[in-house]
2 protein chains.
Amino acid sequence: MIKQSKVTMKNLADELEISVSVVSRILSGKGAAYRISEETQKRVQETAAKRGFTVNQLARGLRLQRTHTIGLLMPDISNSIFSMIARSAEKAFRRNGYSTILCDTANDGEVEKQALGLLHDRSVDGILMAPVGGESQYIKAIFNHGFPIVLVDRFLDDLKIPYVTSNNYQGAYDGVLHLIDHGHRHIGFLQGIPDSKPSSERLRGYRQALQDHQIPFDARMVQGGKFEDHDGYISAQILLNYAERPTALFSCSSVAALGAMKACMEMNLRVPEDVSLIGFDEYPYASLLATPLTTIAQQTGALGEGASQMLLDWLDSGNPPESASVVLDTELHVRASVARVSNSEK
Amino acid sequence: MIKQSKVTMKNLADELEISVSVVSRILSGKGAAYRISEETQKRVQETAAKRGFTVNQLARGLRLQRTHTIGLLMPDISNSIFSMIARSAEKAFRRNGYSTILCDTANDGEVEKQALGLLHDRSVDGILMAPVGGESQYIKAIFNHGFPIVLVDRFLDDLKIPYVTSNNYQGAYDGVLHLIDHGHRHIGFLQGIPDSKPSSERLRGYRQALQDHQIPFDARMVQGGKFEDHDGYISAQILLNYAERPTALFSCSSVAALGAMKACMEMNLRVPEDVSLIGFDEYPYASLLATPLTTIAQQTGALGEGASQMLLDWLDSGNPPESASVVLDTELHVRASVARVSNSEK
DNA sequence: TTGTAGGCGTTATCAC
DNA sequence: GTGATAACGCCTACAA
């Protein structure tokens, strides 16, 4: 068999001795609309199939100014919460005919900025992202241009950019309350990226819970700055070396809580007898740990699905979502890492 | 400021009253080669910057027949081994000017097939993938067309498709040997997807280790069929309910091992006193488990980096890699989930 | 040193 | 019912 040249519409048209327009119309499902004869339709479809024709999405995108491509920006896809989000988003996109361009920003604002530019150059139709943190002029500019963008997990303050996230404030409040109910008054706080909403909102919940129980806030009790296990490990060491050692640690991520657990182990502190521990994010194997970890579970699946659906609706309808935000409840999963504070401690 | 129309090369050319070709040449760094006057170069670059021009990669790709896009197919990105691979591959690609189109095939051959077609339609320059399993005519066809494709973790038998993987046979052999050395002779095997190389090679290592120690192979001892935790959970229940209960379980993935651990817990079997357990893949928090899990660690980072580099080299040079395969060593991490078999058991 | 024109593969518009 | 033709934005042989 002779090596076929690439099969294009022009190609098929020549072979069938008809014009490209007809081929295009038939192959993009508009045969009926143009009342093209049954016969030609059949002929075209058959040879297209035989030759293994598929449309060139590049050319199509260029012509239509619509690529059916979505940019997905995640701060760290090795973190299970983001890999879950990525998984469900990519699936939803694909099912709706969109391809996903992935960028892992590694929690780096500079990378995020570049990635945003890159996605623009590739003419994506929309963007789903968990921003690195704080303020981003770029993101706002994109949104202000009317470009479809929705945020997931993390979001930004002052604009109406649609987002789906968890009720971080309430979740943290509940968790800290759980600790307070167990008699803890010295509670360390392992924060995530400080100017990210999840971290700042959780801190707000922490402070409110303290205040509601007449426990003074001590800035020294707030440590760390990433949602990573090693960060939790280091921060826990700092906190647990204080002369007045905290009796409990509240962590903004489950992986940081695991890091803290490791620190405790190395410092010969028992969890929960010596230190109680609680972590945001569910952790699938929490119950298999030496001390099963009490967690504040997010609805991970709903985060990814909700956000991607919001974006798809936007792309579909051409209009941004009515209600710009969805906030999902969290759930406290009580396991064994929180104990009543012993009497020997104040 | 008046709303600008989209800024294109033509656009800039009109504004500067020069031709598009000059603009194109300058903006694609060929100013010097064409000996374009310093002045025009400067003028063009400045207004391009001022207007925020960036090239339309769609048009560029269409013209150049090269998109600087790579397809990344992963069977399950929520599995940490694949999210690690995805992370390092995406990073390597981006650093080299390539964007990554992600497809999570969910271990489904049908999805894989569709995804492959989709990537073709999008004119990706190359593909990095961990195939779902067994035989795939599509993958072979792609490779036989000379299209740049490299496999990672999982690979295929009979063709010279380049791949990077771990020494699954040796790793499994080492692990089973470790069990045998501790007196185990009834060893259950929790397999992954049976016709995937990692699973079949690990099974081969298991069988060889048994044979080398005069332990008869019993097909009933092989259970399961996915690399997932629930699959390990179910399979462990089956194995541990045998009249002649295995004294040890070898799992083809660490998550399946965790599932098995959960099954043990629910059946009131202690690990390792009643059942020894070993899992392929490192698990970052293995040491924090109630019973720290003994594992066979893969060089996860090297897998992703090696494979993506191999593909990048191919794209760069235009030629497939000299040596079609890289096989990385594994390492046995002895923790506490394997015990000497007690005398009461045969 | 700069400009012109054709084409990458598709689709929409208008004409027949 | 079908066919030319232009255009999407870019690059490059060929001309000047």
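The sequence lines fix the lettering, A, B, ..., with proteins before strands; numbering per chain opens at 1. Because the structure is predicted, anything quoted here is derived from the model rather than measured. Just so you know, these numbers use all the heavy atoms, side chains as well, and skip hydrogens, waters and symmetry mates.
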So B/L62, base contact, sugar-phosphate only, or nothing? Heavy-atom distance under 4.0 Å.
base
For the atom pair OG1 (A/T105) and CD (B/E90), what is the distance rounded to the nearest 0.5 Å?
9.0 Å
Whole-Å distance between D/dG9 P and B/N11 CG?
9 Å
Close side-chain approach of A/V326 to A/M310, heavy-atom, < 4.5 Å
yes
Exam field: side chain B/T100 to backbone B/I70, donor-acceptor pair closer than 3.5 Å:
no
Go through B/D153 and B/K197 one step at a time and tell me if the salt bridge (charged side-chain N to carboxylate O under 4.0 Å, His left out) criterion holds.
CA-CA 8 Å; B/D153 182 54; B/K197 274 289 164 191; over 6 Å; no
Using a cut-off of 4.0 Å between protein heavy atoms and nucleotide atoms, how would you tag nucleotides 10-16 of chain C 5' to 3' with B, S and -?
BBBB---
Applying ring-ring contact (aromatic ring centres under 6.0 Å, His included), name anything that partners A/H68, two or more places apart in sequence or on another chain.
A/Y98
To the nearest angstrom, how far is B/R122 atom CZ from C/dG9 atom C1'?
15 Å
Would you mind reading off the distance between A/Q41 atom CD and D/dG1 atom C1', rounded to a whole angstrom?
11 Å
Whole-Å distance separating the CZ atom of A/R51 from the P atom of C/dG9
17 Å
Which part of the nucleic acid does A/L58 contact within heavy-atom distance under 4.0 Å: base, sugar-phosphate only, or nothing?
nothing
B/K10: side chain to side chain contact (heavy atoms under 4.5 Å, CB included) partners, not counting sequence neighbours:
B/T8, B/D14, B/V20
Over how many whole Å does the gap from A/E17 atom CD to D/dT2 atom C1' extend?
15 Å
By salt bridge (charged side-chain N to carboxylate O under 4.0 Å, His left out), A/E15 pairs with (sequence neighbours left out) A/R51
Starting from P on D/dG1, measure out to NZ on A/K42 and report it in whole angstrom.
18 Å
Think A/Q57 has a side-chain N or O under 4.0 angstrom from the OP1 or OP2 of C/dG9?
no
Between P on D/dG3 and CG on A/L16, what's the gap in Å once rounded to a whole number?
10 Å
Output the single nucleotide from C/dT1, D/dG9, D/dG1 whose closest atom is nearest the side chain of A/R35.
D/dG1
Please name all residues satisfying side chain to side chain contact (heavy atoms under 4.5 Å, CB included) with B/P131, sequence neighbours left out, ordered by chain then number.
B/E112, B/M129, B/I139, B/L151, B/R154, B/L156
May I have the distance from B/R66 (atom CZ) to D/dC10 (atom P), rounded to whole angstrom?
19 Å
Under 3.5 Å, side chain of A/S88 to main-chain N/O of A/M84, donor-acceptor pair present?
yes
Looking at the side chain of A/I18, which of C/dG3, D/dG9, D/dG3 is the nearest nucleotide?
D/dG3
Estimate the overall bend of the helix from C/dT1-D/dA16 to C/dC16-D/dG1 from the end axes over five pairs each, rounded to 10 degrees.
50°
